[in-house]
Amino acid sequence: MAIAKLLPSGHPRIDHMEMRHISKRFPGVIANDRVNFDVRAGEIHALLGENGAGKSTLMRQLYGLYQPDEGEIIFDGQGKTILSPNDAIKLGIGMIHQHFMLVNSLTVAENVALGLKSSKGFLTDLDVVVKRIEELTKLYGLKVDPHAYIWQLSVGEQQRVEIIKALYRGAALLILDEPTAVLTPQEVNEFFAILGQMASEGHALIFISHKLGEVMDFTHRVTVLRDGKNAGETLTKDTSKTELAEMMVGRQLKLVPDKAPVKVGQARLMLKNVSALSDRGLPALKQVSLELRAGEILGLAGVSGNGQLELAEVIAGLRPLSAGQVLIDGQDISRKSPAQIIERGLSYIPEERNRDGMIKDFNIAENLILRENNKAPYAKNGLLNFSVITKTAQTLVQQFTVKTPSVETPIKNLSGGNAQKVILARELSRNPSVLIAAQPTRGVDIGASEYLRDQIVRQREKGTATLLISEDLDEILALSDRIAIIFHGEIMGILAREEASLERIGLMIAGEA
Amino acid sequence: MQDFLDWTVVIGILSSGIRLATPYLYAAIGETFGQRSGVLNLGVDGIMLLAAFSSYFTVLTLGSPWLGLLVAILVGGLMGIAMGFISITLQAEQGISGIGVYLFGLGLSDLLFQKFVGTAKAISGFKEFPIPLLSKIPFFGDIFFSQSVLVYGAYLLIPLAWFILNKTTFGLNIRAVGENPEAADSLGVSVQKTRYLTLTLGGILAGIAGASLSIALLNVFQQNLTNGMGFIAVALVYFGGWRPFYVLLGSLIFSFVNALQVWMQVLGVPIPSDIAVMMPYVLTIVVLIFSAGRVRPPAALTKTYERGS
């Protein structure tokens with residue numbers, strides 16, 4: 001008996017898509033070296049790999065953004081050439097980009113209609129579009145109001161709009177490029193529930209990620225790429241996080257750094273009823289009180305935008321307090337300038353490292369002395385001493401295993417992980433009293449993350465009090481001695497490491513417990 | 001002084017206010033299209049000048065205002081395309097390339113004027129065209145319905161621009177490209193094509209704005225005829241929050257104050273003329289200060305777009 005070949009959306013399904021022996025070269029690099037990959041209707045297939053492993057290049061060839069140098073792409077037994085995203089869309093491929101491709105000032109319906117031929121000629125046919133969106137939302141259980149403006153929607157809802165956009169264009173195969181980076185754990189669950197349903201109804205889904213937890217929990221099959229080559233392919237149920245991580249990196253890894261017990265010392269950073277406003281002038285921090293002691297790591301868990309950025313900036317002196325007090329080693333720094341606060345022993349790894357943590361066009365040596373550039377031994381009588389600067393930089397680059405041709409290389413040429421190592425080297429080599437590490441491993445490879453986390457833990461043994469701000473709950477749990485949860489600018493509670501679990505924090509950061 | 005409250009004076013002020021708004025409306029609506037698609041064109045004034053001269057010269061030599069208007073449209077459109085080539089294809093900084101276009105228009109229009117005309121000669125351009133019946137309505141007829149064709153056109157342009165921006169696929173593309181060009185591009189909307197179209201349209205409208213001065217309102221050309229009107233038009237776009245009907249409101253306020261100060265001087269109201277001439281400009285600055293931040297500009301305004309960067 002013939003199985004119905006149509007998807008709920010009414011479009012034909014793609015039973016089997018195969019990419020065979022795909023090679024793609026760029027000047028000086030082989031991004032894909034005879035890579036094989038396939039996906040079937042009904043499965044969520046994870047494509048896993050470090051940055052630069054060739055995942056995006058491979059998927060860009062499937063979506064028509066690049067053409068392969070060698071190899072073939074086969075849909076249900078037929079070889080196809082995909083020259084542009086339009087070709088890909090016609091074949092039934094949809095791609096959901098890591099950064100949403102939505103226009104905030106337009107409505108959901110307008111975003112969906114954008115670029116499509118209107119049934120009313122040069123006039124928009126939003127009523128027709130709205131009706132079709134309502135059909136799709138019903139068929140797939142994707143709750144979204146077609147008349148809402150994008151800026152009114154939560155991140156989770158915006159993602160549903162992206163899925164609707166793809167379905168509207170007839171997508172049978174969806175490429176999801178790190179789709180969960182911006183979601184809360186609850187939203188991640190909802191999101192995968194939707195994906196699961198889509199798979200069971202005959203869609204083929206490719207999930208690009210480096211989050212091992214999600215790959216283990218929600219996918220059916222995994223293909224791992226490393227250095228542009230296939231590093232392994234397995235059913236998810238037959239593998240483990242550790243095994244996948246090692247396939248990605250090609251060596252043994254410690255996902256959780258060893259933590260020697262440290263005797264916690266005196267309070268180094270104290271926040272007393274600190275309040276502050278956001279850039280828009282709304283209350284971002286409400287009466288926040290925290291205490292960090294020497295030798296401890298306090299993890300601050302929360303969904304981005306709940307006041308973490310403002311908290312870090314208040315401590316670093318980059319944002320005025322509207323009330324309260326901040327003390328470092330007992331000294332009030334609430335009204336001090338950033339330079340004076342640095343002087344008191346604060347080191348800060350900012351969340352937006354490309355914008356706030358480095359000067360992209362400066363070289364590594366220059367970036368390494370940024371906090372101390374007007375002091376001996378780097379400067380004397382207003383003149384820079386380059387031989388000292390270079391020598392110090394070389395030592396630090398070696399000590400922190402930064403991969404670079406030389407210390408004169410502009411920092412913008414480094415990979416994310418290596419650039420972050422430079423920042424970490426700058427901040428830790430001062431042996432700070434207090435370290436604020438905001439999203440220290442976001443977008444950084446597992447290998448480099450392992451190293452960065454280990455360094456933060458080592459610093460704790462030297463008596464630094466560390467405030468670790470992270471959205472990655474696995475990271476919070478792996479590093480922290482205590483965990484504070486922030487929601488809407490308020491501390492919802494502080495848990496000792498032993499009391500904390502992923503589930504409990506997950507509820508608290510969503511304001512539900 | 002007692003004349004000041006006379007009905008004819010009131011009608012005069014209102015009627016010239018309506019008329020004076022014409023070049024601002026064309027130029028500002030044209031600029032609105034460009035800015036909604038993400039391009040700030042500071043060259044409006046230069047385009048107005050070059051089109052004003054071209055249409056003036058056409059009428060001077062050939063006598064037909066309609067032909068003059070056509071020439072203004074062509075010149076304006078070409079200047080819009082030139083601005084597009086510099087800022088879209090060559091990806092030059094928008095603010096700077098706009099100033100370049102302005103200086104080019106300012107200089108070339110004067111050069112051509114000196115070379116081919118020399119001293120200002122009045123021409124006979126578009127005449128007042130009283131609309132039958134409507135122009136007979138007391139009071140309103142004189143103010144609204146006894147103007148030149150180009151004046152009526154400016155006011156019809158407002159709802160038309162609103163309609164294009166909000167109800168057509170072209171308008172949807174413009175708004176998308178001005179907010180998030182990457183998203184528009186990913187859905188097959190050509191950022192370059194959309195921006196070229198809005199700049200060409202903006203150039204054409206700036207051209208008509210220039211012609212409305214030289215062959216309808218003033219019927220003359222001289223060096224720097226516009227006297228910075230194109231820049232005021234850019235300010236009016238900000239004042240109007242990139243929305244046609246608010247641009248209309250801003251243009252009217254500005255023009256009525258302008259008309260008021262002209263009449264005050266004509267009637268000999270004892271204030272220094274320098275102060276009087278300043279009034280509309282001071283008002284513009286004050287209004288801009290208070291309206292700043294009320295509406296968010298298009299997110300991609302002044303940003304060049306290159307795929308994959």
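Throughout, protein chains are lettered first and strands after them, A, B, ... in sequence-line order, and every chain is numbered starting at 1. Every heavy atom of this structure was used, including side-chain atoms; hydrogens, water molecules and symmetry mates were not. Bear in mind the structure is a predicted one, so any value in this text is a computation, not a measurement.
For N111(A), the part sitting under 4.5 Å from any heavy atom of chain B is the backbone (N, CA, C, O) and nothing else. Heavy-atom distances place no part of K120(A) under 4.5 Å from chain B, backbone and side chain included. At a 4.5 Å heavy-atom cutoff, the contact between L102(A) and chain B is made by backbone atoms alone.
The line from CD1 of I89(A) to CG of L187(B) is 7.0 Å long, rounded to the nearest 0.5 Å. Rounded to the nearest 0.5 angstrom, R175(B) CZ and E110(A) CD are separated by 4.0 Å. We find the CG-CZ distance between N104(A) and R296(B) to be 7.0 Å, quoted to the nearest 0.5 Å.
When the shell of 6.0 Å around CZ of F129(B) is examined, it contains 12 or fewer heavy atoms from other residues, nucleotides or ligands. Taking a 6.0 Å sphere around CZ of F231(B), one finds it holds more than 12 heavy atoms contributed by other residues, nucleotides or ligands. In the displayed structure, Y149(A) atom OH is contacted under 6.0 Å by at most 12 heavy atoms of other residues, nucleotides or ligands. Summarising the local packing, CZ of F26(A) is surrounded by more than 12 heavy atoms from other residues, nucleotides or ligands at distances under 6.0 Å.
For the set N166(B), L172(B), N173(B), the entry with the most heavy-atom pairs within less than 4.5 Å of chain A is L172(B). Most heavy-atom pairs under 4.5 Å with chain B: of the set M101(A), K165(A), R169(A), this distinction falls to M101(A).
The closest side-chain heavy-atom distance from F163(B) to L123(A) is below 4.5 Å.
In plain terms, the two heavy atoms of L114(A) and A184(B) that are nearest each other are CD2-CA, 4.1 Å.
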